[in-house]
Amino acid sequence: MRLYDTLTAQKCELVPADNTVKMYVCGVTPYSPSHVGHAMSYVYFDVLRRYLEYLGYDVRHVQNFTDIDDKIILRAQQEGVTPTALAERYIADYFDSMDRLGIQRASAYPRATEEVPWMLDLISGLIAKGHAYPASGDVYFRVASFERYGALGHRKLDEMIAGARVERGAQKEHPGDFALWKAGKPGEPSWDSPWGPGRPGWHIECSAMSLRYLGEQLDIHGGGHDLVFPHHENEIAQTEAYTGKAPFSRFWAHNGLLTLGAEKMSKSLGNLVSAKDALDKFGPATLRLFFLGGHYRAPLAYSEENIEAQGRALERLRGALRSEESAPPSVLNQSKDQVDPEPFHQRFSDAMDDDLNTPQALAAMFDLAREINRGRETGRGVTVAQAALTELAGVLGLKLTEEKRDASADPFIDLLLQVRADLRTAKQYQLADSVRDRLVALGVSLEDSAQGTRWRYVGR
RNA sequence: GGCGACGUAGCCAAGUGGUCUAAGGCGGGGGUCUGCAAAACCCCUAUCGCCGGUUCGAAUCCGGCCGUCGCCUCCA
């Protein structure tokens, strides 16, 4: 498949060194509940992984938790809990939401606090090579020592400084230098180091973890577009300066950001909708379909109206998978002319091969759904096509089977349906329609056919 | 101020030189089916922000303008 690479700014053929794709995706800093923007980002990388696996690759997927940072410490102090307790709480929240979304678990989820020794090795190595220097308990990366600095963000060091919003530390040689290690402050968690007690800077954990769990060169390094600079830029500098090998990652994949209103959804702006709330309101499949309806690199605006519209679209896909009760199994025999899913399958693959074009892939699936419905009406066999549709949905992580639900009301609904059937037989249509209308008002949709009445819960 | 995206139907969203008289979804209109509905199927619902240029040919390339957003600071 072809995948867009932020560093080279073009789509390139993804050819892993061997059959295993090494993929590192930046995880969250767990100091607050995961929001819908996180959900979207990880759905995209989940689909990337699923498609690669569908293509036959093994994917070794590593994702970190940055469980030590200024905000975690601050929040923990405010709440009177330990930073670890706070982080674990939101890590649990993260898994909760992502599991509900059907995001496959990564191969490993290293936590920054458990990787400090490897970070110290890395920092020492950088100092030894002249790429970093200690300064009163801190250690900074010497940006000027890495000539490719700025390549990922496609900008030059001078241009960045010109913006003058760079934090100027008195001990820094260059305003663009960034902290690898921060001297400990009283009351904060700290680890012993050759430069005194302290804690890691923001970017170093990802370098250390990817080195440890995936090796010196990755196939794909991913994250939200807001991580391009400075986070990924700094990771490249640290890692390549340390290993002397480039590229650190063959592909840099960044998803567009989710916006709420006019601005991006972000913790610091406070314009959040939590992943949990969105899941409670719309369900995982609808939300996933909403995300995949746009291309992963394009920004997407959170809109309840548009998500609800995707819920109706999801019903359309699910409808195509419902078996035709009207036709007894004997009629649906294999010898019958079957709807051929192959052209749709091909369109799906072509779309996914082209930088994960999920909107186009979905279009092929909707067309296949129509073909199934059409085939059903003309008496053709659709089981093969339905199996194909289910398979393609699976590649996108979409569950098209009806969600498990409480069945305790079923006997009563069936009873009402029986009453209504009797009323219809007696041509008491007003009463019959009243029963139907009331059921619809309760979220139970009825469909009459020559073979009887089918009902289902709408939504989800 | 610097760097970079984007602007396609009522809404969302693909397409990025000719097959586009522009995919798909939602919504809307008309029809078939139905006691009526629902679901499904069929038909209809855009000339691609504006202006100029390149080209035999542009939504697709170039320039200008207007508008929106992102990054340059913690952030998926």
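Lettering of chains follows the sequences in order, A, B, ..., and the numbering in each one begins at 1.
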Among [options], the one nearest [X] by side-chain distance:
X	options	answer
N373(A)	C41(B), A38(B), G35(B)	C41(B)
R456(A)	A39(B), C41(B), G70(B)	A39(B)
H35(A)	A76(B), G35(B), C42(B)	A76(B)
R374(A)	A76(B), U73(B), C41(B)	C41(B)
A363(A)	A23(B), A76(B), C41(B)	A23(B)
H38(A)	A76(B), C36(B), C41(B)	A76(B)

Determine the interatomic distance between [atom1] on [N] and the same-named atom on [M]; round to the nearest Å.
N	M	atom1	answer
C12(B)	C72(B)	P	27 Å
G15(B)	G24(B)	C1'	11 Å
U60(B)	U54(B)	P	15 Å
C62(B)	A5(B)	P	11 Å
A38(B)	C51(B)	P	43 Å
G49(B)	G7(B)	C1'	6 Å
A22(B)	U45(B)	C1'	14 Å
U47(B)	U21(B)	C1'	9 Å

Looking for any heavy atom pair under 4.0 Å, which part of the strands does [X] touch: base, sugar-phosphate only, or nothing?
X	answer
G27(A)	sugar-phosphate
G37(A)	base
S266(A)	base
M365(A)	nothing

For atom [atom1] of [X] and atom [atom2] of [N], their distance in whole Å:
X	N	atom1	atom2	answer
D437(A)	C36(B)	CG	P	15 Å
H225(A)	G70(B)	NE2	P	12 Å
L321(A)	A40(B)	CG	P	13 Å
N271(A)	G70(B)	CG	P	10 Å
R420(A)	C36(B)	CZ	P	13 Å

Please identify each residue that fulfils side chain to side chain contact (heavy atoms under 4.5 Å, CB included) with [X], with sequence neighbours left out.
X	result
A132(A)	L126(A), I127(A), V139(A), L180(A)
K185(A)	E188(A)
S190(A)	P197(A)

query = If the sugar-phosphate is the primed atoms plus P, OP1 and OP2 and the base is the rest, what is the B/S/- string for nucleotides 25-34 of chain B, using protein heavy atoms under 4.0 Å?
reply = SSS-------
request  = Classify every nucleotide of nucleotides 13-19 of chain B by which part a protein heavy atom approaches to under 4.0 Å, writing B for the base, S for the sugar-phosphate alone and - for neither, in 5'-to-3' order.
outcome  = SSS----
request  = Apply salt bridge (charged side-chain N to carboxylate O under 4.0 Å, His left out) to R250(A) and D219(A), showing your working.
outcome  = CA-CA 5 Å; R250(A) 298 145 80 114; D219(A) 294 299; 3.3 Å; yes
Could you tell me which residues satisfy salt bridge (charged side-chain N to carboxylate O under 4.0 Å, His left out) with [X], sequence neighbours excluded, listed by chain and number?
X	result
D226(A)	K264(A)
D350(A)	none
D367(A)	R347(A), R370(A)
E79(A)	R89(A)

request  = Indicate the atoms forming the closest heavy-atom contact of S41(A) with G224(A), along with that distance.
outcome  =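 Nearest pair, atom of S41(A) first, then G224(A): OG-N, 4.3 Å.
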Does the cation-pi check pass for [X] over [Y], that is, NZ or CZ under 6.0 Å from the six-membered ring centre and within 45° of its axis?
X	Y	answer
R297(A)	Y4(A)	yes
R105(A)	F95(A)	yes
R155(A)	F229(A)	yes

query = Would you call D46(A) and R288(A) a salt bridge, taking side-chain N to carboxylate O under 4.0 Å as the test?
reply = yes
Presence of salt bridge, R199(A) and D70(A), under 4.0 angstrom = yes
Q430(A) CD: over 12 foreign heavy atoms closer than 6.0 Å =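 Count not over threshold, so no.
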query = With centres under 5.5 Å and planes under 30° as the test, does Y42(A) stack with A76(B)?
reply = no
message = Within residues 61-76 of chain A, which residues have any heavy atom lying less than 4.0 Å from an atom of RNA chain B?
response =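 Hits under 4.0 Å, by residue number: K71(A).
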Strand contacts (RNA chain B) in residues 96-108 of chain A, 4.0 angstrom heavy-atom criterion =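 RNA chain B contact set from residues 96-108 of chain A: none.
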inquiry  = Counting Watson-Crick and G-U wobble pairs with both distances under 3.5 Å, what is the dot-bracket string for RNA chain B, 5' to 3', using [ ] for crossing pairs and | for pairs to another strand?
reply    = ((((((((.[[[..)..(.....]]]((((((.......))))))...[[[[[..)....]]]]])))))))....
Most 5' of E371(A) and V36(A) on RNA chain B, judged by nearest nucleotide =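 That would be E371(A).
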task = Could you tell me how the ring of Y109(A) sits relative to the ring of F65(A): parallel (under 30°), tilted (30 to 60°) or perpendicular (over 60°)?
result = parallel
ask   = Are any side-chain N or O atoms of R2(A) and backbone N or O atoms of C12(A), one a donor and one an acceptor, separated by less than 3.5 Å?
value =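 Not at all, since once roles are kept as given, no pair shorter than 3.5 Å links the two residues.
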ask   = Under 3.5 Å, side chain of Q63(A) to main-chain N/O of C26(A), donor-acceptor pair present?
value = no
task = Give a yes or no on whether a donor-acceptor pair under 3.5 Å exists between the nucleobase atoms of C41(B), that is its base, and the side chain of R376(A).
result = no
ask   = Does K427(A) place a side-chain N or O at less than 4.0 Å from the phosphate oxygens OP1/OP2 of C36(B)?
value =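 Negative; the distance criterion is not met.
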